[in-house]
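Both backbone and side-chain heavy atoms feed into the values below; hydrogens, waters and symmetry mates do not. Residue numbers run from 1 in the order of the sequence given.
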Amino acid sequence: MSEITAPVTQPTGRLGWLDRFFHISERQSTLNREIRGGLATFFTMAYIVVLNPLILGGVKDADGQYLGDGSTPNYALIAAATALTAGVLTILMGVVAKVPFALAAGLGLNAFVAFGIASSMSWEDAMGLIVLEGLVITVLVLTGFRTAVFHAIPGQLKTAISVGIGLFIALIGFVDSGFVRKAAGTPLELGIGGSLTSWPIFVFVIGLLATVLLVARKVKGAILLGIVGTTILAIIVEAVAKVGPSLGGKNPLGWSLVVPTLPDQIVGAPDLSLIGQFSLFGSFGRVSAVLAVLFVFTLLITDFFDTMGTIVGVGRQAGLVGDDGTLPRTREILLVDSIAAAAGGAASTSSNTTYIESAAGVGEGARTGFASVVTGVLFLLAVFLSPLVNVVPYEAAAPALVVVGFLMMTAIRDIDFTDYEIAIPAFLTIVLMPFTYSISNGIGAGFITYVLIKAVKGKPREVHPLLWVVTALFVVYFAIGPVKILLGLT
């Protein structure tokens, strides 16, 4: 990170209290830099207002219902709640923790909720688990127990979880776009019959290439620009070619869910009826207590450690990390982040977490919480633009999933694949997530393999006691099916 050497003028008069409250001059910044940084962060991560509804809104729960309206997808409903929670929580981070960190629905976590949890229960029950996870993290922060949890899981296994989720997200993007499909002779194939022969796939490919080029050139807001540009292309293609919907696979050349057409309105009064639609303990009546606890644990591990990596990485870029590796107001940062997890479940938008895209604002000069306030206000304004989400087809948003998958996978460089004691568990964690379409399966396989290898090699003391407990829970989780068969309960 380059040092800021330009002279800093301390605001006076009515702006002086802002400077004192957010420590703007103290951190060698200015109001202009903070505003510019807040704008950069918003435009870099605003894609979540479009992407979160497409991940959560197109999946049915165990009762065959879509999130929100039930019988049909309602992306605008989820978009409004996504923008609102992101706005409120980001402002809270700025005011309470006074750091330039923004929050929104976590990618990877929302995929796990949609594809790993909601298929086993209702959406209300799934969101209740997220609230529970957030409350647990809050207790861990308030009691100081977070240090023990942090050290329980080997660092390289934490990395493997992030990498595996990245591959899983990328696979979802390829499948949702129709670029990869189920086949008769092989599990998957390219396009339709091994050929890229539909207009929607063409739109996806162009969108992916454009987004990749924008990311490679480090254009601010590359992912959002990719979604917007690909959506415009999709609208043009539909207007000319009249592709129409897929109709549940009856028209394989059609758009998978949303048919891109010009919207009737751009600005509209938001429907916030999703807020409060959760059942705190309903999941325990739908699945076994062991499975419910494992779901909460998986959410907790993913959320907790992603946050730790994000705040240290972005904090270091902002020059906020001390020589001892700690940040100022770390307790407040983690407290707001844990509240965000519970708030995301309460608003039915999935767990909210601190975003690595906050680095974009830091790169523009942001050093204080005032930048977060700017970002949060922009998210609140985006609440009224939620009708635009109904225009975006999967084929236009899927390139963003693939690119985000790539970005998450880059952490694989931190895994030592020459050390088989960690490399094999990490490998299984990574590959089983996309191969089994389950994040929890990958984490469980990695934990069990890691503990087993350590035990066989006579190194059981190297395994944290908490990890032994968690591994035992995963053994029970994997054994539930066979036990039911043996006992004749299926």
Side-chain angles (χ1 to χ4, degrees), residues 56 59-68 70 81 105-106 108-143 145 149 152-153 161 274-304 338-353 436-445 447-448 466-490:
L56 296 177
V59 180
K60 293 182 179 180
D61 62 15
D63 298 329
Q65 300 294 303
Y66 290 104
L67 178 60
L109 287 167
N110 55 6
F112 177 49
V113 173
F115 299 96
I117 299 181
S119 59
S120 302
M121 60 190 71
S122 70
W123 279 110
E124 290 80 5
D125 296 337
M127 293 303 169
L129 284 179
I130 296 173
V131 176
L132 284 175
E133 175 249 338
L135 294 176
V136 170
I137 293 182
T138 301
V139 172
L140 293 177
V141 173
L142 293 176
T143 60
F145 188 66
V149 177
I153 314 301
I161 292 172
L274 273 180
I275 296 176
Q277 298 298 314
F278 69 95
S279 174
L280 194 59
F281 297 106
S283 58
F284 289 86
R286 299 295 298 270
V287 298
S288 67
V290 171
L291 183 56
V293 170
L294 283 173
F295 280 149
V296 172
F297 177 78
T298 302
L299 289 166
L300 186 150
I301 290 297
T302 305
D303 196 358
F304 189 87
S338 62
I339 292 172
S348 298
T349 63
S350 182
S351 178
N352 277 233
T353 187
T436 66
Y437 229 64
S438 168
I439 294 174
S440 57
N441 285 349
I443 295 176
F447 284 3
I448 292 173
L466 183 59
L467 189 57
W468 281 101
V469 175
V470 174
T471 300
L473 289 173
F474 269 116
V475 170
V476 174
Y477 165 65
F478 285 119
I480 287 176
V483 169
K484 285 184 176 180
I485 293 175
L486 288 175
L487 298 178
L489 299 178
T490 58

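- When all heavy atoms are compared, the tightest approach of Phe295 to Ser120 is CZ-OG, 4.3 Å.
- Side-chain atoms of Asn110 never come within 3.5 Å of backbone atoms of Ser350 as a donor-acceptor pair (strictly under, hydrogens ignored).
- Partners of Gln277 according to the side-chain contact (heavy atoms from CB on, under 4.5 Å) rule, which considers only residues two or more places apart in sequence or in another chain, are Ser348.
- Distance check, rounded to the nearest 0.5 Å: CG of Leu129 to CD of Glu124 gives 12.0 Å.
- Atom CG of Asp125 is separated from atom CG of Leu280 by 10.5 Å, given to the nearest 0.5 angstrom.
- Nearest heavy-atom pair, Ala292 versus Phe284, reported as atom, atom and distance to 0.1 Å: CB-CE2, 3.7 Å.
- Here CD1 of Ile339 is found 12.5 Å from CG of Asn352. Values are rounded to the nearest 0.5 Å.
- Taking both residues in full, the closest heavy atoms of Phe278 and Met127 are given as CB-CB, 3.9 Å, listed atom of the first, atom of the second, then distance.
- Taking every heavy atom of both residues into account, Ala126 and Val113 meet most closely at CB-CG1, 4.4 Å.
- Between Ser283 and Met121 the shortest heavy-atom distance is CB-SD, 3.5 Å.
- Under the side-chain contact (heavy atoms from CB on, under 4.5 Å) rule, Leu67 has a single partner from Thr349, Leu274, Val59, which is Leu274.
- Listed by chain and number, the residues in a ring-ring contact (aromatic ring centres under 6.0 Å, His included) with Phe115 are Tyr437 (sequence neighbours excluded).
- Of all heavy-atom pairs between Ile137 and Ser338, the closest is CG2-CB, 3.3 Å.
- Checked by atom type and distance alone, the side chain of Asp63 never pairs as donor or acceptor with a backbone atom of Gln65 at under 3.5 Å.
- Each of Ile130, Val296, Leu299 was checked for a side-chain contact (heavy atoms from CB on, under 4.5 Å) with Ile117, and the lone residue meeting it is Leu299.
- Here the side chains of Ile443 and Phe112 are not in contact, with every heavy-atom distance at 4.5 Å or above.
- In terms of the ring-ring contact (aromatic ring centres under 6.0 Å, His included) criterion, residue partners of Phe474 (sequence neighbours excluded) are, by chain and number, Phe447.
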